[in-house]
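Right, one structure below, let's go through it.
The model shown is predicted, which means the values in this text are computed figures rather than measured ones.
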Amino acid sequence: MAYANAQELLDAIQPATGGTEILDPATGELVGRVAEQSAADLDAAVAAAKAAQPAWDALGHEERKRLLNAAADNIEANAEALAELLSREQGKPLNGPNARFEVGGAAAWLRAATAYEVEPEVVVDDGETYAAKHYRALGVVGAIGPWNWPMMISIWQLAPSLRMGNTVVMKPSEYTPLSVLALVHVLNEVLPADVLNIVAGGREVGEKLSGHPDIAKIMFTGSTPTGKAIIRSSADTVKRLTMELGGNDAGIVLEDADPQAIAEDLFWGAFINTGQTCAALKRLYVPESIYDAVCDALANVAAKMPMGVGLDENNVLGPLQNKAQYDIVASLVKDAVDSGAKVLLGANPDENAAGYFYPTTLIADIDPSNRLVVEEQFGPALPIIKVKDTAEAIKHANALEVGLGASVWSSNREQALEVAAQIQAGTVWINSHGTIDPRIPFGGAKQSGYGLEFGLDGLKSLAQPQIIKG
């Protein structure tokens with residue numbers, strides 16, 4: 001079914017009366033209401049998913065691929081209604097790499113899960129011994145998603161899970177439940193009953209899901225502290241885990257880089273989704289020789305990017321999604337300014353604004369140990385740290401306990417590759433940052449998590465390897 005607008009879609013998913021109100025972070029206005037669900041509702045959803053899983057697995061890869069592509073068609077048929085709801089609930093603008101981009105990415109990643117053949121792999125065949133590795137469904141996968149990219153990250157979790165013959169129970173963030181409920185509703189217009197389930201609850205539901213005996217695997221995207229809690233609660237049932245946890249991604253500019261040429265890509269690497277992205281550029285190391293030029297070029301780009309209410313077609317930056325995140329950003333920037341760091345742009349929020357808007361902020365001449373550098377800000381504030389050489393930049397980049405992504409910026413690809421090999425991160429981009437691709441595996445290093453998503457590796461991570469010898 002194609003919904004004419006977000007309100008029609010909301011009417012299909014929200015309770016007729018009651019429920020928890022969800023407010024627009026840009027305006028404070030009511031977006032919609034979500035039914036209050038409990039641990040008992042989760043038990044029922046897991047039971048339904050467990051009962052549906054054998055038949056879903058028995059359909060085989062080709063039929064599951066057909067259904068997933070049909071579900072992607074339904075996302076595209078409802079793209080504008082989904083994007084409008086996402087903009088209102090999450091706050092991100094419709095345009096730029098934001099709401100419409102996210103809905104398009106959800107459809108694309110769903111299709112990407114059907115693009116690979118998962119065949120048995122012959123391990124040994126020497127005339128005397130034959131052994132092959134097969135990939136079997138795990139059972140029921142629990143998916144716990146974040147509020148920053150609620151639709152697309154939900155797809156990252158559910159698409160490979162379903163493709164490999166598992167059923168899914170999702171728990172969306174309490175901050176953005178409507179977006180994921182709407183997405184699941186659209187998908188379930190195509191998928192068989194109880195293959196994809198969702199329970200929109202609070203911490204009690206999340207804790208129950210991560211320790212539930214009938215959940216075979218947890219996929220989680222979110223903060224490192226929450227990830228550690230999930231790891232602990234999953235231990236008694238020895239669940240498989242894919243953990244995409246917090247990052248504080250470093251960018252290293254080399255002396256041969258052209259400041260004007262890289263400025264806009266640096267900006268979007270840091271400020272995509274108003275900085276609310278795990279694999280965004282969050283600390284930038286620049287050599288003394290081109291430091292001022294990089295600062296000036298980046299400030300010129302940033303000053304031109306309009307911020308405001310997401311439904312305004314002119315805006316490309318929006319509010320912070322919630323008050324807690326706003327307070328974190330404001331606190332970190334204040335500490336940086338109080339320490340004597342130089343404000344190139346921003347750092348002057350309007351305390352009377354209706355929404356959680358924090359201005360695009362660039363901070364220069366900042367100590368490498370400042371809180372804004374060593375703690376993840378997850379918002380529209382970028383510290384730019386001056387270094388004497390590349391060796392110092394690499395040392396600082398590797399000093400933290402996290403390692404989701406990083407980037408190297410240079411006119412010399414071979415030199416950039418040499419530097420990239422020395423950085424402790426799951427992904428290192430050259431002359432871009434955070435440009436993920438559904439064909440390319442993605443995962444963290446150190447305390448930014450473990451397990452791979454995307455591509456063939458991502459599909460295999462949602463299956464139980466089984467060796468058959470004989």
Side-chain angles (χ1 to χ4, degrees), residues 5-10 13-14 19-34 79-106 145-153 172-183 200 267-268 270-277 280 302-333 345-361 377-382:
N5 51 50
Q7 190 58 52
E8 277 195 12
L9 190 49
L10 270 170
I13 62 169
Q14 65 182 345
T20 301
E21 292 187 344
I22 303 296
L23 305 181
D24 186 331
T27 65
E29 297 172 353
L30 178 67
V31 177
R33 290 168 286 103
V34 61
E80 193 62 17
L82 287 166
E84 181 186 340
L85 176 57
L86 176 62
S87 179
R88 291 174 60 197
E89 181 181 48
Q90 201 282 336
K92 63 184 64 184
L94 290 170
N95 290 325
N98 292 298
R100 289 178 177 131
F101 170 84
E102 180 169 349
V103 174
W147 49 259
N148 58 333
W149 295 90
M151 290 187 183
M152 189 149 68
I153 291 178
S173 167
E174 301 98 303
Y175 288 116
T176 53
L178 297 173
S179 295
V180 186
L181 284 162
L183 177 67
F267 174 83
W268 283 117
F271 291 95
I272 185 172
N273 198 29
T274 316
Q276 299 166 108
T277 298
K304 298 173 185 175
M305 298 294 180
M307 175 184 286
V309 176
L311 296 182
D312 183 333
E313 298 276 357
N314 296 310
N315 293 324
V316 295
L317 299 171
L320 277 303
Q321 202 285 322
N322 54 78
K323 180 64 162 56
Q325 195 58 45
Y326 178 96
D327 289 344
I328 289 170
V329 175
S331 172
L332 291 174
V333 173
L345 186 71
N348 56 343
D350 180 359
E351 302 295 341
N352 297 315
Y356 303 128
F357 289 99
Y358 197 91
T360 306
T361 297
Q377 69 276 50
F378 215 70
L382 178 68

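In this structure, the side chains of Pro359 and Pro349 come closer than 4.5 Å at one or more pairs of heavy atoms. Between Ile22 and Pro177 the shortest side-chain heavy-atom distance falls below 4.5 Å. Considering only heavy atoms from C-beta on, Pro25 stays 4.5 Å or farther from Asn322 through its side chain. Between Phe101 and Lys92 there is no side-chain heavy-atom pair separated by less than 4.5 Å.
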### Message
Apply side chain to side chain contact (heavy atoms under 4.5 Å, CB included) to residues Met151 and Leu82 and explain how you reach the verdict.
### Response
CA-CA 9 Å; Met151 290 187 183; Leu82 287 166; 3.8 Å; yes

### Message
Please determine whether side chain to side chain contact (heavy atoms under 4.5 Å, CB included) holds for the pair Phe357 and Met307, giving the CA-CA distance in whole Å, both sets of side-chain angles, and the decisive distance to 0.1 Å.
### Response
CA-CA 8 Å; Phe357 289 99; Met307 175 184 286; 3.8 Å; yes

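Below 30°, between 30° and 60°, or above 60°: for Tyr326 and Tyr356 the angle between ring planes is between 30° and 60°, a tilted geometry.
Between Leu382 and Ala270, the closest heavy-atom pair is CD2-CB, 4.0 Å. Here the closest non-hydrogen pair linking Val31 and Leu10 is O-CD1, 3.2 Å. Closest approach of Leu345 and Ala303 over heavy atoms only: CD2-N, 3.9 Å. Leu30 approaches Leu23 most closely through the heavy-atom pair CA-CD2, 3.8 Å. When all heavy atoms of Thr361 and Ala347 are compared, the pair lying nearest together is OG1-N, 2.9 Å. Heavy-atom minimum distance, Ala280 versus Gly275: CB-O, 4.5 Å.
One N or O on the side chain of Gln325 and one on the backbone of Phe378 form a donor-acceptor pair closer than 3.5 Å. Judged purely by atom type and a 3.5 angstrom limit, Gln90 has no side-chain atom pairing as donor or acceptor with the backbone of Pro150. A donor-acceptor pair is defined here as one N or O able to donate and one able to accept, closer than 3.5 Å; no such pair exists between the side chain of Thr274 and the backbone of Pro380. Checked by atom type and distance alone, the side chain of Asp327 never pairs as donor or acceptor with a backbone atom of Ala324 at under 3.5 Å. The closest donor-acceptor contact from the side chain of Asn315 to the backbone of Val309 lies under 3.5 Å. Gln321 places a side-chain N or O within donor-acceptor distance of the main-chain N or O of Glu89, the cut-off being under 3.5 Å. Distance alone, capped at 3.5 Å, is enough to place a donor-acceptor pair between the Asn95 side chain and the Glu313 backbone. For the pair Glu102 (side chain) and Met152 (backbone), a donor-acceptor distance under 3.5 Å is present. A donor-acceptor pair is defined here as one N or O able to donate and one able to accept, closer than 3.5 Å; such a pair exists between the side chain of Asn273 and the backbone of Asn148.
The CD atom of Gln14 sits 6.5 Å away from the CD atom of Gln7 when rounded to the nearest 0.5 Å. To the nearest 0.5 Å, the span separating CD1 on Ile153 from CH2 on Trp147 amounts to 10.5 Å. Distance check: Trp268 CH2 to Thr277 OG1 gives 10.5 Å after rounding to the nearest 0.5 Å. In this structure, CD in Glu80 is found 10.0 Å from CG in Asn5, a value given to the nearest 0.5 Å. Atom CE of Met305 and atom CZ of Phe271 lie 10.0 Å apart (nearest 0.5 Å). Atoms CZ and CG, on Arg88 and Asp24 in that order, are 7.0 Å from each other to the nearest 0.5 Å.
Of the options Ile328, Val329, Leu317, a side chain to side chain contact (heavy atoms under 4.5 Å, CB included) to Tyr358 is made by Val329 and by none of the others.
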